[in-house]
Chemist: 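A single structure is presented below for examination.
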Number of protein chains: 2
Amino acid sequence: MIANAPRRQPLYVQIKQFLIRRVAEGEWLEHDPLPSEWDLAAEMSVSQGTVRKALSELVVDGLLYRQQGKGTFVAPVISDWGNGLLQSPGVFDEVPSRLSCEFLAISRMNASDDMAVALQLRRHAPMFRVRQLWRGQGRPVALDEAYLPAERFDGLEARWFRSGSGVYATLQQRFSVRVLRCQEQYRAVMLPRDDAGLLGLSGAALEEPVLSLLRLSFSAVGERVEWRQRYCLSSDLALLRQDGRCRHRAW
Amino acid sequence: MIANAPRRQPLYVQIKQFLIRRVAEGEWLEHDPLPSEWDLAAEMSVSQGTVRKALSELVVDGLLYRQQGKGTFVAPVISDWGNGLLQSPGVFDEVPSRLSCEFLAISRMNASDDMAVALQLRRHAPMFRVRQLWRGQGRPVALDEAYLPAERFDGLEARWFRSGSGVYATLQQRFSVRVLRCQEQYRAVMLPRDDAGLLGLSGAALEEPVLSLLRLSFSAVGERVEWRQRYCLSSDLALLRQDGRCRHRAW
DNA sequence: AAGTGGTCTAGACCACCAT
DNA sequence: TGGTGGTCTAGACCACTTG
């Protein structure tokens, strides 16, 4: 394909990186078809089987999807909500309720120590803070604070979010950064009083525990791009997650 | 391979099912080597590439692991704790602390409505309840209640757990049932008073919120085999999860 | 009918591990 | 040195979609 010299990486990995870069740079947009396996193979002077292996892994990674007989397409950017579903506790087969996301405000601040370590920034590095409110059937269910490194995402503007685009969609669109993978921490806490109002809590409801979610987001090339804190009302709701293994339908 | 007649499933899927059955039945134990790709291919009269595809997917599914130059081996049963790690909140690269699991008791009861629906049992179906206490550095951190269908796991004995075996290890060993996949729900709740004592909570600590985890476990053949409820102290601890996508190290 | 992805085969060579 | 898994190729055929 490209590097015939001391080849450190297998061909199909080089192809993956090549395709990741082209998707990130916007050569193909969401739901656009990629060239066929044979065209890509000819273009890169490798066999169709090698292209196939690269494409298959990019499907598992969440960058592409394929449809037999039709083609290979760029997958949509993941939602700011993430892969977890909001459901009634104890019920596993419920259709999750639709959530809407309302942009609140953007501000500047400095990274906390944990934030700086997780994002591999220096102490007190400048950050953007993007606040969003999630509603289900009109009622507030979660409050998000997404923190982005200000130097990495220089020039970020609030109006990009007012149009309803989420953080991940904006990073893809404006900075060619695609979030593919996250680490999340879950905790049960009491909601800080300052945030209670935004979630519509007052009086006795302040005594209600909330689910605290901490998220570290990685781009398609492994860069750490976002730290997010979410407070999620969960007495009468539960966050559903699938085990990571066994994503293929095996039989 | 086997079925030449109206072939509904691809060959490699049939091979997967065949191998899953042989592993479940105990033909090979944990860390035992399977025959080589070529031997399996000859045995089943298929090509080595087809066997490879089946084996690769079983690695992703968590049933096998492979080591270049050495062979393909049966993966150990997953831990009762699950794939989540217990860490300090805000810290993502921390080495998780070791957890020990203490068996408390086993009892019989009837399925709750949610339980019966999730496990696809009839209402009030008889169940075993297995209680376990998790400790980290000696201090209680989580309380587990695992519910198993009594009719499916007839003859289950408490002494199987006293030896320190977890629920999943026991299911594999005694019933040839291998748990590979779970769905989990997270919620923040106040700990029921009855359980507070077991977690060493009293007085003001009773006002502490706990992380409630609800888990539905699936066997390798897709059977719903366990419902589990966990109360997890999480003010000074957080449960870490990886996003399901991108488990391969891509570069 | 033409084009796409999905399966299956056969063979070559490489990288790693054991002996 | 021989055995293992890992990569890569070339070609065949099937299943599905679109025109």
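Every chain is numbered from 1, with letters handed out A, B, ... down the list of sequences.
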Chemist: Going by heavy atoms closer than 4.0 Å, what residues in residues 48-55 of chain B are next to DNA chain D?
Modeler: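 Close to the strand are B:R52.
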
Chemist: Could you tell me the separation between the CZ atom of A:F73 and the C1' atom of D:dT18, rounded to a whole number of Å?
Modeler: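 About 12 Å, once rounded to whole Å.
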
Chemist: With distance as the sole test, does B:Q185 use its side chain to make a donor-acceptor pair with the main-chain N or O of A:V91 at under 3.5 Å?
Modeler: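 At least one qualifying donor-acceptor pair exists.
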
Chemist: Treating B:D80 as the side-chain partner and B:Y168 as the backbone partner, does any N or O pair qualify as donor plus acceptor under 3.5 Å?
Modeler: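 Yes, because the side chain of B:D80 sits within donor-acceptor range (under 3.5 Å) of the backbone of B:Y168.
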
Chemist: If you take all heavy atoms of A:F175 and A:D154, which pair is closest and at what distance?
Modeler: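 Closest approach of A:F175 to A:D154, heavy atoms only: CE2-O, 3.7 Å.
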
Chemist: Could you tell me how far apart A:Y65 (OH) and C:dG6 (P) are, to the nearest whole angstrom?
Modeler: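 It is 13 Å, rounded to the nearest whole Å.
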
Chemist: Would you mind reading off the distance between A:L11 atom CG and C:dC14 atom P, rounded to a whole angstrom?
Modeler: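 Whole-Å distance recorded here is 14 Å.
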
Chemist: How many whole angstroms separate atom NZ of A:K16 from atom C1' of D:dT7?
Modeler: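 After rounding, the reported distance stands at 15 Å.
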
Chemist: What's the CG-C1' distance between B:D32 and D:dT4, to the nearest Å?
Modeler: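 Value for this atom pair: 17 Å.
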
Chemist: Of all the nucleotides listed (C:dG6, C:dT9, D:dC8), which has the minimum atom distance to the side chain of A:R66?
Modeler: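 From the listed options, C:dG6 comes nearest.
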
Chemist: Which one of A:R52, A:R66, A:K16 satisfies the salt bridge (charged side-chain N to carboxylate O under 4.0 Å, His left out) criterion with A:E57?
Modeler: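 Single salt bridge (charged side-chain N to carboxylate O under 4.0 Å, His left out) partner of A:E57 among A:R52, A:R66, A:K16: A:K16.
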
Chemist: I want to check something: taking the side chain as every heavy atom from C-beta on, are A:Q183 and A:R224 in contact at a cut-off of under 4.5 Å?
Modeler: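 Counting from C-beta outward, A:Q183 and A:R224 never come under 4.5 Å.
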
Chemist: Take the angle between the ring planes of A:W227 and B:F92 and call it parallel below 30°, perpendicular above 60°, tilted in between.
Modeler: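 The arrangement is perpendicular - the two ring planes meet at more than 60°.
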
Chemist: Tell me the closest heavy-atom pair linking B:V77 and B:A169, and the distance in Å.
Modeler: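 Scanning both residues completely, I find the closest heavy atoms to be CG1-N, 4.0 Å.
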
Chemist: Please list each protein N or O that sits under 3.5 Å from an N or O in nucleotides 16-19 of chain C, with the distance.
Modeler:
{"from": "C:dC16", "atom 1": "O4'", "to": "B:Q68", "atom 2": "OE1", "distance (Å)": "3.3"}
{"from": "C:dA18", "atom 1": "OP1", "to": "B:K70", "atom 2": "NZ", "distance (Å)": "3.4"}

Chemist: Take atom CE of A:M44 and atom C1' of D:dT9, then tell me their distance rounded to the nearest Å.
Modeler: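 After rounding, the reported distance stands at 16 Å.
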
Chemist: Quick one: which residue pairs count as a ring pair (Phe, Tyr, Trp, His ring centres under 6.0 Å) with a foot in residues 19-41 of chain B, not counting sequence neighbours?
Modeler: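 Qualifying pairs: B:H31-B:Y65.
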
Chemist: For C:dT7, take OP1 and OP2 only and decide whether either is under 4.0 Å from a side-chain N or O of B:Y12.
Modeler: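 Indeed, a polar side-chain atom of B:Y12 lies that close.
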
Chemist: Could you state the CH2-C1' distance from A:W38 to C:dG6, rounded to the nearest angstrom?
Modeler: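 For the pair A:W38 CH2 and C:dG6 C1', the rounded distance is 13 Å.
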
Chemist: Atom CG of A:D39 and atom C1' of C:dT4: how far apart are they, to the nearest Å?
Modeler: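 These atoms are roughly 10 Å apart.
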
Chemist: Answer whether the closest heavy-atom distance between the side chains of A:L239 and A:Y186 falls below 4.5 Å.
Modeler: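 In contact.
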
